Every structure is written in structure tokens, then in C-alpha cells.
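This report concerns only the one structure given below.
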Amino acid sequence: MSEHIEPAGWWSRAIRPSPRKRIGAAGVALALVAVTAGVWLSPSVATTTAAKASATEIRLAAENEKLRNSLEARQDEVASLERSQAKAAAERKAAAESGKAKAAAEQQAAAAEGAQKAAAEQAEAAARTQAKVAAEKTAAAARGKARDAATRADQAEADAARARASAQGTAPQPVSPAPAVKPTAPPLSELLAPERRQFGLYTPQSPFNWAELDSVAAKVGATPTVAGYFQGWDGPFRPDAVTRSWEKGMLPLLTWESRPLKAANNESVDPAYSLPAIIGGAYDDYLRQYAKDITALGLPMAIRLDHEMNGDWYPWGERTWGGDSLNGNGEGDYVKMWRHVHDIFEAEGANQYVLWVWAPNIVNSLADYAKTDATYMRSLYPGDEYVDWVGLSGYYRPPFKTDQTPTFSYTYDRSLDQLRSITSKPIFLAEIGASEVGGNKPAWIADLFDSLARPENADVVGFAWFNHTVTSTIGGQLVTNDWRIESRADSLQAFVDGVQDPAAGFAPTTTQEP
């Protein structure tokens, strides 16, 4: 810092001090003037001689000079102190700015290190996910090959049984996986709007073995027009299922589940088969090949893809009972998955042969968000351009509620109301049955056919009966439900009376014993 010296006045030679210090200096100067005036005005001075006055002046001048020198020294000290304080302030400011810069640099370095670490962790997680998906696809392919091998082994065993039976003079059933000549089938346009109601049947071995289906058909006096069967995404397209069905004059109805076929119904969490994984293309190669095989065969079939999606017991559901995400699936993912599969089939030319069936579960015993109104069911509907028939899975089964009646209305009306508020597509009851528990199965079957004869249900084009016996856990206890049509004589008779009643819309067809 440079000093500024005034040109005039001994009291202003140093740096201009602060106001307080200037007031102090002025006080000292006034004191000097007062002393000088007192001396000159005192009587003794007036009476002194000129020589004595001259000596006094000399002495006063010396004292004034001494005071002036002392004042200048004090001013120099003040200036030095101010310079020291300014320097210290500058050093503190510089130190503070340096500290701020250092802290900012450290924060930036920490942020950069954190971002780099997060990116590395994300990359590692993505690599693990890709490796897991690849491993799961490899495992699924291996399971598919193993299933193919098992199927071929079963076929070989059946061929051997046929040869043994033929050697014994019996008449075995044909077990050839594919006919030499492709059977005929109506075009898809006729199947979409059938002239009469469709009677579908699921039996444990059809369409690969007709023994039980033919037995049921003979007992009820009506030939089924739809053959239902199940397959998971761990197996390839089965052309023999389609050709064997059309050899019998039946539309093959495939319930196609995006999970392994052997998975239990209570396994609702399987990340390898989450909806985002399917949408992201994890199974595109499998889907394309499946569609190409359907196109190559050139015969129509119905596909019920990922049914009962409004429940929480399959990995393709979107919500748990409490409303949380199920299996990593999000809102709208089911529709995206359906459209993704449909679009692949369209690109491969398979949709000219496929009748797409969208079939939720009846809503009676679902969570409140799924049964109060049609909002949740509507959110799962892919759209009319992606669906040909809509359907329902619905059973008369225990545990029975206090207000429950063995009627079509109690079992289906609330769900049909939701369906009809969403679309006007034909309705197919894609999986139905009644339990013998409680003793009301005959009454329920009779009311089923009576209700189908009513005008308000004219949009129901038929049903597929689940002719199995299944043991499951209900309320912590094992319960066996015999869904079969012929479970008891009275149940069978109720079915015979209903299916042969012209008012119900099922044209009776005389059948022969197999």
C-alpha cells in the first residue's frame, strides 16, 4: 500500500487518519494554542522585558516542535497499525477464498468419484442381468430339448404299445404325430362367428390321446367341437396337436402360458418370465419360430394367451392382492406384452391362422380393486384389433359363501357385465367346471344351460369344460374337486339334458363308441 502526503500543514503530512484520530490530533493542537495564548496574555509576560520574552518564545517554539514531533510519531504508528490491519484482513480474505476453492474442488472430486462408482455399479448390474437372462434362455432351451426328447420317448413307447396291441389282434388308437395328408379345416373367418355354440373339452391327454374325450362324448351324446390343451414357453410348437384336432373336426384351443409348463400354479414370481423381460425381447427368437411354424402348417387354431391375468397367481399378473407390483411387472405391461406377441405373429404371417382369446378370471373372489368395477379389467384389455374372442375362467367351487347360490347368475353375471362394458366381442367361457363338494353340481349344470338359452346371453358362443380331477389347498386344507362331467350319475344326466336341449344352442351330434 502506498502513502499519500499532503503538501501543506504539519498536521497532515502522514496518511489521513480516521475521524476519531483526527479529532484527537485537533485536541492536542488546540491545547498548544491555549498554552501559548495563556503565556502571552498573562500579566507577568506583559511586564517582562523584550529579552525575556524572546527567551520564552524560544522555549515555547521548542516545546511546540517537540509536541509536533510526538504527534507525527503517533500518526506514523496509527498508519502502520492500519496497514497491518489491512494486510491481515487481505490475508484472511485470501485464506477464506482459498478454503472455499479447496472445498469446492473436493466436492467436485467426490461427486465425480460417486458418479463414476454409480456408473460402474449400474454397468455391473446390467452385466449380471444380461448374464442371468442369457443363462435362463439357455436353460429354457435345454428344458425344451429335454421335453422334446421326452415327447419322442413317449411317442416311441406308444408306437411300441400299438405294435404289441396289433400283434395281439386288438385295434389300437392311432398315435402318429402328424398325418400323411393335411386335414381340412374351415377358414378362420367362419370360426370367428360360429353358427352354433361351441362345446369344448379339456381332458388330461387330448389332443395326443382321445380315449377319455371319446368316452365323455359318447356318454353325453354330443361331439366336442373344441379340443383344449396347455403348453408353456419351454416347448416348441406342436403341429401334431393341431392336425390331430382337425382330424377329429375340432378347433384346437391352446392355453399358452409364458412360463415353464411344469410350474406350479402358486409360483407367481419368476423374474425370467416377467412382462418387462418379454417386452424387452428376451423371447423374440422363440416367438418368431413358433409363429413361423404355425404359418408353415397352415391350419387354424385358437390361442388363449396368459389367461386369468386379473388374478395374482401367475407371473404375468400386474398386481399382488394388496395392489403392489407382481413379479416386477408394472401398470400397462400386460397389454404391451400381448401386443408384442401379436405383432411378431403378424410379421410372420401367423395371424391369418390364429383366433386370439383374451380370458380373465371371474371377479367374485378377487381383490377389491379387481371386482368393484371394470376399471382394472379394462386396463388389461389389449384392444379389439388384437383380440377375436373374450372369455372367462369360472368354476362353481368351495369354499362357498353364505349368499352363494348354485346358479349361472351368481357365478358369471358380475364378470360378464365388466366384459360387456369393455367390448362387444364374442364371449367364450374358456375354462369352466363344477365341484361335487356341497352336492349342488347337478343344479348348477342345469342352470348353466337354462341361462345360456336366455336372450341376454346370446353373445356367449360356447364354453370349454375342464374335465379333470384336481387336489388343491383351500383355507390351509387339501380339497379334491372332481370337475368331470361324469363325476356322478346325476351330474352327468344334468349335462346330457342341457347339451341336447335345442334351446341351449348346442346342436346334438350322434357319436359312436371309440
Side-chain angles (χ1 to χ4, degrees), residues 196-204 206 212-228 250 253 359 361-365 391-401 403-416 427-472 474 479-511:
R196 64 184 178 91
R197 280 195 165 123
Q198 302 298 297
F199 166 31
L201 198 62
Y202 297 92
T203 57
S206 67
E212 185 171 346
L213 185 140
D214 287 341
S215 175
V216 174
K219 291 174 182 177
V220 302
T223 299
T225 56
V226 176
M250 293 187 290
L253 169 60
N361 199 76
I362 56 173
V363 302
N364 303 9
S365 298
L392 290 171
S393 293
Y395 291 80
Y396 176 69
R397 66 184 304 163
F400 300 110
K401 298 182 179 179
D403 65 334
Q404 188 168 353
T405 57
T407 60
F408 179 95
S409 179
Y410 184 95
T411 306
Y412 296 113
D413 277 2
R414 281 172 284 184
S415 305
L416 289 173
I427 298 172
F428 183 72
L429 304 180
E431 185 183 326
I432 70 171
S435 174
E436 288 288 1
V437 176
N440 291 318
K441 183 173 183 176
W444 188 88
I445 292 175
D447 195 68
L448 166 70
F449 289 102
D450 289 344
S451 298
L452 290 176
R454 296 172 188 156
E456 62 266 28
N457 292 319
D459 54 354
V460 179
V461 297
F463 64 75
W465 191 277
F466 191 72
N467 209 70
H468 290 242
T469 299
V470 178
T471 299
S472 57
I474 300 177
V479 176
T480 298
N481 289 306
D482 193 343
W483 309 117
R484 296 176 304 151
I485 293 171
E486 71 275 35
S487 55
R488 286 174 54 91
D490 51 356
S491 298
L492 173 61
Q493 189 59 52
F495 196 97
V496 171
D497 295 342
V499 78
Q500 294 185 3
D501 182 359
F506 298 89
T509 302
T510 303
T511 60

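Quick caveat, the model's predicted, so the values are computed rather than measured.
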Below 4.5 Å, heavy atoms only, C-beta onward: do [X] and [Y] meet side chain to side chain?
X	Y	value
Phe408	Asp413	yes
Phe428	Leu253	yes
Val470	Asn481	no
Gln493	Pro442	no
Arg484	Trp465	no
Phe506	Leu452	yes
Phe449	Phe495	yes
Leu448	Ile432	yes

[X] versus [Y], closest heavy-atom pair with distance:
X	Y	result
Ile362	Ser415	CA-OG, 3.1 Å
Tyr202	Ala464	CE1-CB, 3.5 Å
His468	Thr203	NE2-C, 3.5 Å
Phe466	Trp483	O-CB, 3.2 Å
Val460	Arg197	O-NE, 2.7 Å
Ile445	Ser491	CD1-O, 3.7 Å

- Pair Asp459-Leu416, side chain to side chain contact (heavy atoms under 4.5 Å, CB included): steps then yes or no: CA-CA 10 Å; Asp459 54 354; Leu416 289 173; over 6 Å; no
- Message: Is a donor from one side chain sitting under 3.5 angstrom from an acceptor on the other, for Ser393 and Asn361?
- Response: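 Per modelled atom types, Ser393 and Asn361 side chains form no pair under 3.5 Å.
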Has the side chain of [X] got a donor or acceptor atom that lies under 3.5 Å from a matching backbone atom of [Y]?
X	Y	value
Lys219	Ile485	no
Tyr395	Ser435	no
Asn467	Leu201	no
Gln198	Arg196	yes
Gln404	Thr411	no
Asn364	Tyr410	yes

Can you tell me how far [atom2] of [Y] sits from [atom1] of [X], rounded to the nearest 0.5 angstrom?
X	Y	atom1	atom2	answer
Met250	Thr225	CE	OG1	8.5 Å
Phe463	Ile427	CZ	CD1	15.0 Å
Asp482	Thr469	CG	OG1	3.5 Å
Asp450	Ser409	CG	OG	13.0 Å

- Lys401/Asp403 ion pair, N-O < 4.0 Å: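 Asp403 and Lys401: not salt-bridged.
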- Message: Just checking Arg488: does its CZ atom have more than 12 heavy atoms from other residues, nucleotides or ligands closer to it than 6.0 angstrom?
- Response: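 No, the 6.0 Å shell around CZ holds no more than 12 heavy atoms from other groups.
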- Is the NZ or CZ atom of Arg397 positioned over Phe400's six-membered ring, under 6.0 angstrom from the centre and within 45° of the axis?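 The answer is no, since Arg397 fails at least one limit relative to Phe400.
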